[in-house]
Amino acid sequence: MTSQTTAPAIAPDDARPGAPVSPELHQERRIRSFHPRKGRMSTAQHDALARSWDRYGIRVDGKRQLDLDEWFGRANARVVLEIGFGMGDATATMAAAEPERCVLAVDVHTPGHGNLLRRIESDALDNVRLAEGDAVVLLRDQLAPESLEGLRIFFPDPWPKARHHKRRLIQPEFVSLAASRLRPGATVHCATDWEPYAEQMLEVLGGSADLANLHADFAPRPEWRPVTKFERQGLAKGHVVRDVLFRRV
Ligand SMILES: C[S@@+](CC[C@H](N)C(=O)[O-])C[C@H]1O[C@@H](n2cnc3c(N)ncnc32)[C@H](O)[C@@H]1O
């Protein structure tokens, strides 16, 4: 199954992963949850980007709101946003298992976009779209209120040093923004292998009047969540993995 839809019209030259972003976005004074890094891309990932980026991907430019129904080619598209998909193998596996849902996967890490596009092609996935850039800008400037039916954040950078805690993605301001983009009943699912961050997730999500915990404490690990690359690394170090599952009220 392949999609007949194309990404919303933007000049392809501006849209390539790795191209400079607009100066306004660079000038924003905001603490970011990521380190800009390029990483090396394999030939297969590079080729998949060249073949399929214009069809499935957009760069986060903060300029225009996305029409998700048009982009996914579905009426009332049920869209889950996955922030920080890394190499995207878990994303592709979850999307293949749930063809009725659409996955918008965003990351700043370019080789992952090539790898996920490779999986979209090889697995003939028509329910995945990619964004390259900062998820905060995507949520704030390009996604409409109540446009998402789910948010997944699996193994966000834990920023373990105290002086870096402010870089953690799951903070009250971020949660308030994210909740505003979720439909009532939508789920927020986070996982981490860093215990203090797991506690912070419970505390911050639990402190939002827009969200309700679906469990008394941490959630049991759902069987459908594939083990991700970072999860595997955490498990190899003996870390305990925690899932956190909330619902938009
Ligand atoms: C530790 S990795 C986890 C990747 C993957 N989920 C896994 O479990 O293997 C965190 C990812 O989040 C991405 N990231 C961090 N902050 C982000 C943001 N504000 N917007 C988009 N991606 C972000 C990083 O680039 C990185 O790829």
Side-chain angles (χ1 to χ4, degrees), residues 17-18 21 25-26 28-41 45 57-62 66 80-95 103-117 119 128-143 148 150-161 164-178 181 188-198 200-201 204 221-222 224-237 239-244:
V21 294
L25 287 183
H26 269 313
E28 273 189 24
R29 288 188 173 274
R30 193 161 48 77
I31 294 166
R32 294 193 166 82
S33 58
F34 55 89
H35 270 310
R37 64 191 166 105
K38 285 276 172 275
R40 225 169 337 149
M41 219 183 299
Q45 291 161 359
I58 57 149
R59 300 203 69 213
V60 175
D61 62 9
L66 298 170
V80 175
L81 175 68
E82 182 180 352
I83 298 180
F85 64 83
M87 292 308 287
D89 286 310
T91 309
T93 302
M94 289 184 289
V103 179
L104 170 52
V106 59
D107 205 306
V108 288
H109 180 48
T110 313
H113 292 84
N115 193 56
L116 183 50
L117 282 174
R119 290 288 308 267
V128 182
R129 300 291 182 270
L130 281 68
E132 189 222 7
D134 189 340
V136 173
V137 177
L138 179 69
L139 281 162
R140 189 191 63 197
D141 300 334
Q142 299 192 254
L143 290 172
L148 300 171
L151 174 65
R152 292 175 179 157
I153 309 177
F154 297 150
F155 304 90
D157 298 288
W159 295 107
K161 291 181 183 158
H164 288 150
H165 285 179
K166 56 184 180 292
R167 289 184 172 274
R168 286 180 179 165
L169 188 61
I170 317 286
Q171 313 266 358
E173 197 183 339
F174 167 79
V175 169
S176 165
L177 168 66
R181 295 330 190 225
V188 179
H189 186 176
C190 305
T192 181
D193 64 318
W194 192 248
E195 191 70 25
Y197 201 6
Q200 177 169 333
M201 287 172 177
V204 174
R221 184 211 164 88
W224 53 262
R225 185 171 65 68
V227 177
T228 71
K229 181 180 163 197
F230 277 81
E231 180 172 16
R232 209 170 296 116
Q233 291 171 356
L235 291 169
K237 291 178 198 154
H239 295 178
V240 173
V241 171
R242 300 290 196 190
D243 284 72
V244 174

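Remember, it's 1-based here, ligands and their atoms both numbered in the order they're listed.
At distances below 3.5 Å, at least one donor-acceptor pair connects side-chain atoms of Gln171 with backbone N or O atoms of His165. One N or O on the side chain of Gln200 and one on the backbone of Ile170 form a donor-acceptor pair closer than 3.5 Å.
Here the closest heavy-atom approach between residue Pro226 and residue Met94 is recorded as CD-CG, 3.4 Å.
Proximity to Asp134 (heavy-atom distance under 4.0 Å) selects the following atoms of ligand 1: 18 (C), 19 (N), 20 (N). Below 4.0 Å from some heavy atom of Thr228 lie the following atoms of ligand 1, by number and element: 7 (C), 8 (O), 9 (O). With ligand atoms numbered from 1 in the order given, ligand 1 contributes 3 (C), 5 (C), 6 (N), 8 (O) to contacts under 4.0 Å with heavy atoms of Phe154. Within ligand 1, counting atoms from 1 as listed, the ones closer than 4.0 Å to a heavy atom of Ser33 are 15 (C), 16 (N), 17 (C), 18 (C), 19 (N). Numbered from 1 in the order shown, with element, the atoms of ligand 1 that lie under 4.0 Å from a heavy atom of Phe155 read 1 (C), 2 (S), 3 (C), 8 (O), 10 (C).
A donor-acceptor contact under 3.5 angstrom links the side chains of Asp243 and His189, judged on distance only.
Note on Asp134 versus Arg30: salt bridge recorded, some NZ/NE/NH1/NH2 to OD/OE distance being below 4.0 Å.
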Checklist entry - Would Leu235 and Asp193 count as a side chain to side chain contact (heavy atoms under 4.5 Å, CB included) if you check the C-alpha gap in whole Å, the side-chain angles of each, and the deciding distance to 0.1 Å? => result CA-CA 8 Å; Leu235 291 169; Asp193 64 318; over 6 Å; no
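Among the atoms of Ile83, none of the N or O lies under 3.5 angstrom from an N or O of ligand 1. Residue Gly84 has at least one nitrogen or oxygen atom sitting less than 3.5 Å from a nitrogen or oxygen atom of ligand 1, judged on distance alone.
In this structure, Gly133 is part of the shell of residues with a heavy atom less than 4.0 angstrom from ligand 1.
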